[in-house]
Amino acid sequence: MDENIIDSLIEAAKEAAKYAYVPYSSFPVGAAVLTDDGKIFSGTNIENASFGGTVCAERVAIFKAVSEGHTAITALAVYNENTLPYPCGICRQVMTEFSDDMPIIVASDYSVKKHRLSELMPCAFKGDIL
Ligand SMILES: [Zn+2]
């Protein structure tokens, strides 16, 4: 994958993290997705006093893209300043819905790791078996 695109995704995720609403965890995360037509959508984690209402940055970014008609996600970056913020299981499942096997870039200010969705979500449950 083009390094310039990876850098753009990380930068968009980093910018989004500035707007994290994290009064309970104080763990801001930003995410950005690339769509098949080259658009970037970003999101941040949004917490809620009823913890079940909390939504991760990755899902916010994906849902922003999907809600504007972009259902083919071709890459995703997720960012926290200090720690590599690996996506949770729910986010990995949502990623599976909108990508077959996209690159997942996990980034902090100190490290960047590149994975494939199939590596982070092996034997995924997919709608095509329904
Ligand atoms: Zn998540």
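If you're wondering where the values come from, they're calculated on a predicted model, not measured in any experiment. First listed ligand is number 1; within each ligand, the first listed atom is number 1.
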Under 2.8 Å from the Zn ion (ligand 1), the protein N, O or S atoms found are C56 SG, C88 SG, C91 SG
Return the set of residues passing salt bridge (Lys or Arg N to Asp or Glu O under 4.0 Å) with E68 (not counting sequence neighbours), or none when no residue passes.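 For E68 there are no salt bridge (Lys or Arg N to Asp or Glu O under 4.0 Å) partners, ignoring immediate neighbours.
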Using residues 121-129 as the side-chain source, report each donor-acceptor pair under 3.5 Å to any protein atom, sequence neighbours left out, with the distance given to one decimal.
none

Determine whether C56 and C88 make a side-chain contact, defined as any pair of heavy atoms from C-beta on separated by less than 4.5 Å.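 Yes; the side chains approach each other to less than 4.5 Å.
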Assess whether a salt bridge exists between E3 and K114, defined as any Lys/Arg side-chain N lying under 4.0 Å from an Asp/Glu carboxylate O.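 Answer for the salt bridge query: yes.
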Can you pull out every side-chain hydrogen bond (donor to acceptor under 3.5 Å, both in side chains) where at least one residue sits in residues 39-65? Sequence neighbours excluded, please.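 As it turns out, the side-chain hydrogen bond (donor to acceptor under 3.5 Å, both in side chains) pairs with a partner in residues 39-65, which skip direct neighbours, are S25-E47, N48-S50.
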Does CG in D101 sit with more than 12 non-hydrogen atoms of other residues, nucleotides or ligands closer than 6.0 Å?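 Yes, enclosed.
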